[in-house]
Each structure stands twice: as C-alpha cells, then as structure tokens.
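See structure below.
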2 protein chains.
Amino acid sequence: MAVKTIEFRDNAVYLLDQTRLPRDVVVLELRRAEEVVEAITSLRIRGAPAIGVAGAYALVLASLQADASDVARFMASLWEAARSIGQARPTAVNLQWALQRLLRVSEGASTPEEARRRLLEEARKIQREDEEADRLIGVHGAPLIPQGGVVLTHCNTGALATAGQGTAFGILRTAWQQGRLRHVYATETRPVMQGSRLTAWELVQEGIPASLIVDSAAGTLMAQGKVDCVIVGADRIAANGDVANKIGTYTLAVLAREHGIPFYVAAPISSVDLSVASGEAIPIEERPAWEVTYLGGQAIAPEGIGVYNPAFDVTPHRLVTAIVTERGVVLPPFEEGLR
Amino acid sequence: MAVKTIEFRDNAVYLLDQTRLPRDVVVLELRRAEEVVEAITSLRIRGAPAIGVAGAYALVLASLQADASDVARFMASLWEAARSIGQARPTAVNLQWALQRLLRVSEGASTPEEARRRLLEEARKIQREDEEADRLIGVHGAPLIPQGGVVLTHCNTGALATAGQGTAFGILRTAWQQGRLRHVYATETRPVMQGSRLTAWELVQEGIPASLIVDSAAGTLMAQGKVDCVIVGADRIAANGDVANKIGTYTLAVLAREHGIPFYVAAPISSVDLSVASGEAIPIEERPAWEVTYLGGQAIAPEGIGVYNPAFDVTPHRLVTAIVTERGVVLPPFEEGLR
C-alpha cells in the first residue's frame, strides 16, 4: 500500500491529514493525546477501524504524558484519558473496543514503564490484526462479485479508513487483482465528500476503472441495470445484524432491495457490538451544520436556514444480503452467525 | 413575490443570475437571444416553467435582431433561432412548448413588425399564464398536506423556477399561508445545490421553518417518521404519468413508497408531453463532469476519475401518488387524467 494512514514511531503518531486530500498530502506529527483526539473529531483520520487504531495510539501518547511517579495516579490518569479519547466520536464502536483492549493489558502491569510498554505493544497488535483482517475480508468477499462485475460503493472504506487495504474497498482491490472487477461507481458522499476526495483518490492510484456519482444518482444507476452489487463498510454492527454506517447507506440498501441487487456489508469483527441488540440502540452522531452549509470556506446556503446533519444511519438487517468479516461471509439469520 | 426571476421591458430580458445566489443578487440585462441561451445552458435561469418563459423571450429578442427587410428571410431566421434556442436544454419540455406557441402565432403575421408584436404578446401571455397556473397548483395542492404537516421537497420549484410562486414550492407557500404547514425538509440537491442555494433562500425569505439535509439523508429521515409527504416538481411528464425531474427524484419516490409516504408531483400542464408514451422516451441531459468534481472553483476529486452526471432521472408512474396541475389533482391511472 502506498498510503500510510497512521504510524507510530519515536513516541509520536504520524497521520495523513485526510481533510487535505486529494489536493495536498500532508503528514501530521502528533505527540499529545489531545492532538489525536482533535484529529479524530475533525475527521483528519476517519473510518471505524482507523479510528480504533488512532484511539489506541492516543492512549499510548497519554501514557507517555502521564505522571509516572505514582502507580495509582498513573493508572487513574490512563482511565481518565481513555474516557476522554472515547468521546471523540460516538458511532464507530472500534474506538471503545480498542481502548478497552489497551486498558485491559495495562491492568496487569506492575510499573508505569511496563504499562507503557504493554500499551504500545497492544496498539501495534491492533494495527497488525486490522491489516490482516482486511486481507481476509478481501479473500472472503471477492468471490461475491460476479466475473466482470460492476460494484457501487459508498463513503471511503479503503486504506485510508483502516490499517490495511480496506474493508469494502479491500474487497474491490482483491477482486481487481483477481480480474473479476470491471467498474466501480463511487458515491461522492456528502457532506464530507469521502467518496470524491478519498475513494476516488484510491481508485485512481489503484488504476481501477471508476466513476463518481452524486449520492442521489444511485437510484437511476440501479434502475438502468448498471450495478451488480453494492458493497459498503460499517461503523457498528448490532447483534441482530443491523448496520450503522455513513449517512446514505440505508437509502442505498432500500434501492438495492427495490432492484433485486445484493447488498453486502464488509467490516472487521471489531465493528460488531454484541452488547447492542439492534440498530435502535446505536448512538448516531450529529455533525455541525457548517458541513452542509459551507463549501471550501464559503457559505452556500443563506443565513437562518436550519440543518439536520446526522453523520450515520441504520440499515435494518432485513436489507443486508451478507456481512463479510475476516472469519468469513455471514448470512442471515445474522444473530447466530455474528455470535 | 419579492423575487423577479425574469422580466421583459425596453427590448431587453432582465433575469436574476441564479448561479450567484444566495450570496449575490445580480440582475442581468440581456439584449441578444444568444445571451439568453447561454443563461439557460449555464443555469443562470433554470426550472422547467422559467426555462419556457426565458426561451420565449429569447425568441422575441431574436425577432428584434432579425433582418426585417424581407418577410421570408425574417421568418426563416425566426425558425433558425427557435431551433437553436430549443437546444439549450433537452429535458424540460416547456422550452419546446413555448417556442412552438410563439412560432404558431407568428405564422399569421403579414409583416415582420406584426410578427414581433405577436411574439412579445404571446411570450407575455405565457408568463402570465404560468403565474396563474402556479396560483391554482397551490390552491389544489395545499389540501394534500395534512394539518401541521411536514413536507420533504427536492431541488428548487419556487418563484425562481417559474413565473409565479412556484409549483411544488407554491403548494408549500399556499399551505403555509393557510397555517397547515409545520416544517419543510429541503434536500441540498447536488451537484448544483438548488436546494441549499435557492430553495433555502426562498424558505428563509418566506419565514417557513425548514431544515436542509444532504440528499442521502432522506432515507433515515423517512425511517424516523419525520416526513408526512414528499412534493416535487417535474421537467417533463409522459402520457402515462412517468415523471422526469431533477436527479434524485426517483430515489425519493422509492423511499417514499418503502415508508408508505405519499409522493406528489406538481407541474403546470405545459410540462405534460402527451407525445411521449413513457419516461423511457424522455431525453435525459448529462451535464459536465466539473459540476461534480469542482466546488467553488476548486477541485475536490483527483485527476483521472470518471464521472457520471445525469441531471435528471425518471420516476415511473406507479410510484406517483398524484399529479397536481392548475386544472386539479390527477390520480392514477394518469393516462386518462392527463389527457
């Protein structure tokens, strides 16, 4: 992968500022947990798996910042840091999941130094595991695409969204290498344009034939018979298979069902949250109004207009054809398969 | 109406440059038919009924430009001008319809001077008729909104899109004056942002409580039970009731059906084209790629990415609950009602 989304070395987090893509390739050097939290909140790094890795490294940085003269105080400040990092974004469960893993390994440490070492080891392990998960998602998912198939995808689920080759996009990459994939339609994904800015960038870099569409063109595209399947990622999957993902995913799922097109969700197991029974219990982040009313620093809507800007929506499991994880393809009923 | 979308006086067309809204209110003074054609092609004026009026006045300007020394040559240049004006945009039938009306009245004229007078009279008549059609569409359509109702609309169908108070938006205006309307959700309408720039502007001016959403949020909005009905306009309605309208309309119709929400289309009879049997025969304009890949003059997508940018889509009549025209509410089967 040419893209290095996030890296930890020399006690610093290096991350590609995705708000600057595709125009500028800027790598940020972050040495404080607060800076990583800001990067997550501002979408400099995004994508559920990548947020998990970034959150883990943020906690590593917090452990380096923390006063190590007293073990109890050190551990208390770790917990406090994890709480604060965990609030950066509410919908993707990977952030909480990664922080829990780190806190768990730190508990057995007898000294702050050992805790710091364990935290970094575990964070690196999460990153490596995610890379491997993506590879396997690609292996399991690619056969779902028919030979010469055309796929519609949404948002960005590529190398920029994960520690590896991507989830839904990883399947596209694997299928492309296998010669199965003919064309990709990528939605631009308003309001933050992860499709135009990030997915299109990865598609061009990979040399995959692809076309951008505005989000609302998905319906006519399907009606014209131009799409063989839809593959999207997930920010959180409930125990029953309901999927929280980027706003617009639900609309695509309804359209896919209307046109008899398979609708696949690709995500690592770290995105599955068995503690929530259904999608109704998943918190949906509302983002600021200016994401909708400003473009490139300029107002496009008049003063005084209201805005409703949910960043995610929930697709009920009945609209999902299959969920692809690193362990294989889960078919309905998802309740059993996911467990 | 505070908005003067288009006006003809002193041998010139005055039109509000809608590409500059909502930031700048700029009125263009156009004295040549070619300038009006450019304004239509560049979306300085848009909306099927407004395009019809603009096309009519463009032909009036062409008649003023034409050499009047020879009647035959004068009439030939009128036909040539009508052909060229008619190509400005292909989907809205109102443009062809208005030009045909003007050519027809000019045929009976014995002198170029009389033809010019008749053309201007007919163009003004088209504008007056459209204003009255909007008023009646509002009267017929408002009762479709339940008391305290919340309406989702798409693109701009207001005073900016017509010669009157608007089609779908005209219904909102009338329902608001009647105290029936509680809230409007307006889609931003990518790629040209007629929702954010124009509909939001008219909503704020009118004082109607309203929220902008990205186009892809319509699904979750309906799933949350926040919408009582959808009302949109039309660029062309086929004999069977199939509706060509702004890209994304079809997606909204599928979503409305999925959620059991009525889906209404509002348009003057001038948008009905009985010469096309079904939506398949309606030409769908594809607009330039830069509408999708550039924002405010800056590239948001990488070089080398393909773009598919249809400006309209077709909603099959089976998804349309009713069509509101100046003559009343047409219910299925539309084939008979429209005739």
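To find a chain, count down the sequence lines: A is the first, B the second, and so on, and within it residues start at 1. Just so we're clear, the structure is a prediction, and the values are computed from it rather than from any experiment.
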Nearest 0.5 Å, what's the [atom1]-[atom2] distance between [X] and [Y]?
| X | Y | atom1 | atom2 | value |
| --- | --- | --- | --- | --- |
| B:M193 | B:L43 | CE | CG | 14.0 Å |
| A:Y264 | A:T321 | OH | OG1 | 6.0 Å |
| A:L198 | A:T19 | CG | OG1 | 9.5 Å |
| B:F312 | B:R287 | CZ | CZ | 8.0 Å |
| A:I300 | A:W290 | CD1 | CH2 | 12.5 Å |

Counting heavy-atom pairs under 4.5 Å with chain B, which one of [options] comes out on top?
| options | result |
| --- | --- |
| A:P191, A:S196, A:A253, A:G219 | A:S196 |
| A:E291, A:H154, A:Q298, A:M222 | A:Q298 |
| A:T199, A:L255, A:D313 | A:L255 |
| A:D215, A:L252, A:I213 | A:I213 |

*With the side chain counted from C-beta on, respond yes when B:I45 and B:T5 share a heavy-atom pair under 4.5 Å apart, and no when they do not.*
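Of all side-chain heavy-atom pairs linking B:T5 with B:I45, at least one is under 4.5 Å.
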*Compare every heavy atom of B:E202 with every heavy atom of B:A159, then report the nearest pair and how far apart it is.*
N-OE1, 2.9 Å
*What is the minimum heavy-atom distance between B:T91 and B:A244, and which atoms define it?*
CG2-CB, 4.1 Å
_Side chain / backbone / both / neither for A:V204 at chain B, heavy atoms under 4.5 Å_ = side chain
For [Y], does its backbone N or O pair with a side-chain atom of [X] as donor and acceptor, under 3.5 Å?
| X | Y | result |
| --- | --- | --- |
| B:E285 | B:P90 | no |
| B:R180 | B:I145 | yes |
| A:D242 | A:S278 | no |

*A:R197 side chain to A:N156 side chain, donor-acceptor N/O pair below 3.5 angstrom*: no
Taking every non-hydrogen pair under 4.5 Å, which of [options] racks up the most with chain A?
| options | answer |
| --- | --- |
| B:K246, B:R257, B:H183, B:E188 | B:E188 |
| B:T220, B:I305, B:T315 | B:I305 |
| B:T189, B:V314, B:V254 | B:V254 |
| B:G195, B:S216, B:A210, B:A200 | B:S216 |

Measuring heavy-atom distances to chain A, does [X] have an atom under 4.5 Å in its side chain, in its backbone, in both, or in neither?
| X | answer |
| --- | --- |
| B:R190 | both |
| B:A299 | backbone |
| B:I247 | both |
| B:Y308 | both |

_Which residues in residues 223-240 of chain A have any heavy atom closer than 4.5 Å to a heavy atom of chain B?_
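Hits under 4.5 Å: A:A223, A:Q224, A:K226.
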